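Numbering of residues begins at 1 and proceeds along the displayed sequence. Fair warning: this is a prediction, and the values are worked out from it, not measured in the lab.
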Amino acid sequence: MKLSSSAKYFIFIVWCSACFIVGLLIFASGLLLHRNVLPNKSSCVNFAESCRNLKTLDALEKCLLSHSSPQMDKQICTESKFKIVLIIIDALRYDFVEYNEHSSDESFHTNKLVVIRDLLENESNKSRLFKFMADPPTTTMQRILGLTTGSLPTFIDVGSNFASSEIDEDNIIDMLNRHGKKAVFLGDDTWTKLYPNRFIRSYPFDSFNVWDLDTVDYGIREHIFTELRKNDWHLLIAHFLGVDHCGHRYGPYHPEMKRKLGEMNEILRNIVDHLKHKDDTLLFVIGDHGMTSTGDHGGDTENEITTALFAYSPVHDLFSDEHGTRVMRQVDMAPTLSSILGLAIPFSSVGSVILECFPSTLVGSLSEIVFQLWRNVEQITNYVVEYSLHNAQLRATKKIDNTLLRFQILKEFRTTSISSDITTFQREYRAFMADLLAMCADVWVQFNMVAIGCGLCFLLITTLLCYCICEGLSPAEAILCQPEHVLLFVGKTICLLLFTVVFVVHLFGANVEIRMLFAIAIVCTSVLAWWCHQLCGPVRIMATLHRQLTVFNVFVTGILLVSLCGLFSNSFIIGEPSMILFFICSVLWVQFLFYRRPKAWTQLVLLFYVASTNIALRMAFEFLKCHEDQAHCHDIVLKKFETRLCVASIVAVALLVGNWLRSRPSKFYACVAVLCSVLLALYWICETFFEYLTIAQEIPVVLLPLTICSIYHLILTPRPRNTQNCLWSAAFDASFSDVIVFLALLGCIVLGQTYAVPVVLMVVFFRTLAVFLCSCCYRSDDFNKNLSEVPWSNVILWSMSSVYWFYVTGHYASFAGIQWNAAFLLQKEIGDKMLIPGVLVTLNTFFSYIVHGISLPVLLVSQWTRFPKSVLSLRSANGVATKNNETYAHTKEYLQFGVFKLIMQYLTLFGLRLFFVSLSATILSRHLMMWKIFAPKFIFEALAFIVSILSLLLGFVCVCRIGNEIHKNAVVRDNRSS
């Protein structure tokens, strides 16, 4: 079966897109750590209720040892009178705490916490010091999650609440509240963001300014001693930030570090003095992570993951275990604190109970020791089994059956330990817990550097091959290689892959998904490379590069490289809207200066165009939404301007539709557009002034489907106009104008009245931009020859424009920046119906990329529309055609080829940007802002790329459908004339 040229172009675009997407998936599988968050919550069956009537010690021990939890999330809890003071010193590296006799007095970071050394020496039975090992990523938010839930935090915790950073996984803070106990917090405001309204009293302080060493610490010091004198809490948390901020600003080897550690020593000594005679309070001093030699953290180096835990009991001795360990993992904190406080262990905890942190009164007998350990074994076994039901990756390890077998063996040890040596049970307990933790860690917290490297390579190779296609392909190769040749090459490639199976298996082990992606990536890139070899030659590519080597092109390329290199800076990413605005305006003005016209009136027209684009950009900038980490920024679009925005949005939509109606569109679509505009205005008025009207909520139910159906028909079943006198370019331009107007109406609906004005400004901007760019590119000597080409500078501007309008329509690359209210546009309660809300949120978030992708052919069509005589002169270059359909058949080949090449240029630039974003996330994986800035940026760029691919394909389909309709009209006219 012979394929048409448009079908071959479409397949080629899909194939290139598949290469990018597969490389992207391989990279993401290695970089982005993920874990499913289960909704289960642990609760207590109180020990006093189940065993209180037993009179003898033997009967009591039998009750404890034989009791099994009646449900998976039910645990037996013992009553406890103890309270806990938890002091967190951010970035407290272990060597900051451990006393080193050989250290010099001039050292700035060692032997400064003298109070801990004194307690360990003078009250050794009441104090313990552990190495406290954190799991990467070593950032504060993930570490707090690990400390309170006992789980291994990752970047993507797939839970039910993406719009907020609030923790909804089972945790010790919520456990306190469920059991009627209270908590107080002081310090880093990250806690109150993760656990809002959970504390009876809280004293949060801003943690963002890492240059501020003292505000948080002094604020805690002002309130903590007052809180220590109160008796209405069971857990007091104080999170100091001065040491961490000192590390970020100066590093650990600086006099300021000596000062901050000295202050911590003084505060700890005063706290110990306050607790000296309280027999119901324990003190824990911990660090959430360490720091590198430069003061950074976020990675998995020894200095970053090794911190300290100091436990102190003012009155009671701590439990002593000669076979115990002096190394404790941070995930052990949640089950340990829960057990001391008499709470259930959080359901998702994978930590172990550390008995050496217990007061001896809590584990005074063998039965109580076995009870505490066995409760932990039951909890983690239940969690792993439940998690395996929701995660195919864990099921694929085939270790669940082995876990259950070992659980039964450990259960037998439990029943015999009370009458024999408990050492065997403790040893088996530690081995069992360590193996389960290792199994979970293999699934959750390991970066796969091989997958990351392979993903980067595939992204780069695909980008280079796409560039070669763009530069090496000419209109003469409008007919691509036959499909049977491609299938033959695919067969050869698959045979070649059979010889690499051993290598791939060795490279990726048992990870079936990555192996499959790797094999697909090899096939896709190999076929693409073969295509490139068949269609392009190095001589032609070099000749094209030499022809494009002009001062202006070098300038634009420099702008592009600066914008890409800026992605390695978190400050640039936060301030990217301002930089993109500067880059676009700079390129526009330089292009205006470079392409002068001999006629003064032409210069004035071009000046009007470039001034209009700059005004539209600057007006839209007023609607920019501040990034959550952007200091000294205030959103200009505020609630108090709601009335003005409503009026401005209605006027903007009216002007847009009114101007479009002047081009005399189809009466049907004109009526639909006017109806949509009226309904939209009515909806905004009701939403602003009569928000309690129930009928207003039904307007989007009619408005949104009507707009989407119109777009569907305009793209897939177009009815071109203005096709007389061979002005097919005008028909294309008019058809795209129809599509763009309805896309703008769709944007106004999903973005709301707040950002309707930027949507209209965006349409005005890139319509004006397209005319300006094609006017600058027109040169009578070679315009006909390059009629099917769009300069790289124009495509670069278009790609930058898509990024800029993403920001000024109220978004930024963070989950907190997603406008979740779009999900409730059609329904107020989502429930299990996630598809339509997901589509609406996607349309809202990536609307800029959708519009730029579908409208990309406008860059080429505008050249044909602006200079129709040059289009007609194509006939004289390849023989005179006497019939309309013959003329158009030849012209259509040029147009389809031009749109195909334009899409490949856009894909190349987007792929290059995606490669730089991925590379920055890889290089800066240990950066402080990795999981706050760089990882979200990568995710949003990847999603924008996928959405853009779908939009580009829709735009190409629109061109082909319009072209076919025009060709049919031409045939009909020829038949009538003959």
Side-chain angles (χ1 to χ4, degrees), residues 1-21 462-463 465-487 489-490 524-525 527-536 540-541 544 715-716 718 720 728-729 732 735-736 739 786-790 792 795 798 852-861 863-864 874 888-911 945-946 948-967:
M1 182 181 67
K2 186 176 181 180
L3 296 176
S4 64
S5 298
S6 58
K8 293 176 183 177
Y9 290 141
F10 187 88
I11 293 173
F12 197 94
I13 295 170
V14 171
W15 196 275
C16 294
S17 303
C19 293
F20 278 116
I21 292 175
T462 306
T463 302
L465 291 175
C466 288
Y467 177 78
C468 293
I469 291 290
C470 294
E471 293 302 315
L473 199 62
S474 67
E477 285 101 8
I479 305 300
L480 296 177
C481 298
Q482 296 300 320
E484 57 268 19
H485 296 161
V486 177
L487 293 176
F489 182 78
V490 172
C524 291
T525 52
V527 173
L528 185 60
W530 176 76
W531 249 327
C532 184
H533 173 72
Q534 293 291 320
L535 300 176
C536 310
R540 182 185 300 167
I541 294 174
T544 305
I715 292 178
L716 298 182
W728 304 287
S729 54
F732 275 102
S735 299
F736 268 101
V739 173
N786 296 326
L787 192 60
S788 58
E789 297 182 6
V790 175
W792 278 99
V795 188
W798 199 264
H852 281 78
I854 295 177
S855 306
L856 181 65
V858 170
L859 284 177
L860 183 66
V861 172
Q863 295 181 175
W864 294 54
L874 284 171
Y888 177 70
H890 174 74
T891 308
K892 185 176 70 171
E893 294 296 332
Y894 272 81
L895 181 63
Q896 289 182 352
F897 170 79
V899 174
F900 163 73
K901 184 175 180 179
L902 178 59
I903 291 175
M904 292 301 297
Q905 288 176 284
Y906 195 75
L907 277 179
T908 302
L909 289 174
F910 227 125
F945 179 72
I946 295 173
S948 296
I949 288 173
L950 298 176
S951 304
L952 291 170
L953 292 174
L954 281 177
F956 184 76
V957 169
C958 186
V959 169
C960 295
R961 301 290 290 184
I962 295 172
N964 291 337
E965 290 297 321
I966 293 176
H967 188 254

Practice task
Considering non-hydrogen atoms only, spot the tightest contact between Phe956 and Ser6 and give its length.
Solution key: CE2-O, 3.4 Å

Exercise for the section: Check whether any side-chain heavy atom of Phe12 lies under 4.5 Å from a side-chain heavy atom of Ile903, and answer yes or no. Expected result: no

Exercise for the section: Write down the atom of Leu954, the atom of Ile715, and the distance for their closest heavy-atom approach. Expected result: O-CG2, 3.8 Å

Handout entry: Leu902 CG to Leu856 CG distance, which is reported to the nearest 0.5 Å
Key = 4.0 Å

Practice task
Determine whether Leu952 and Ile13 make a side-chain contact, defined as any pair of heavy atoms from C-beta on separated by less than 4.5 Å.
Solution key: no

Exercise for the section: With rounding to the nearest 0.5 Å, note down the distance linking CZ in Phe900 to CG in Leu860. Expected result: 13.5 Å

Problem - Within-4.5 Å side-chain heavy-atom neighbours: Ser951 and His852 - result: no

Completion exercise
Closest non-hydrogen contact found for Cys470 with Thr908 is SG-OG1, 3.8 Å

Practice task
Take the angle between the ring planes of Phe910 and Tyr906 and call it parallel below 30°, perpendicular above 60°, tilted in between.
Solution key: perpendicular

Exercise for the section: Locate the shortest heavy-atom distance separating Thr462 from Cys16; write the atom from each residue and the value. Expected result: CG2-O, 4.0 Å

Handout entry: Any donor-acceptor N/O pair, Gln905 side chain to Val790 backbone, under 3.5 Å
Key = yes

Problem - Side-chain heavy atoms of Cys960 within contact of Tyr9, under 4.5 Å - result: no

Problem - Contact summary for Cys958 and Val739, nearest pair of heavy atoms - result: SG-CG2, 4.3 Å

Exercise for the section: Decide yes or no for Phe736 and Val959: does some side-chain heavy atom of the first lie under 4.5 Å from some side-chain heavy atom of the second? Expected result: yes

Problem - Validation row: Ile949, Leu907 side chains within 4.5 angstrom (heavy atoms) - result: yes

Fill in the blank from the handout: Shortest non-hydrogen pair, Cys466 vs Phe20, comes out as SG-CE1, 3.8 Å

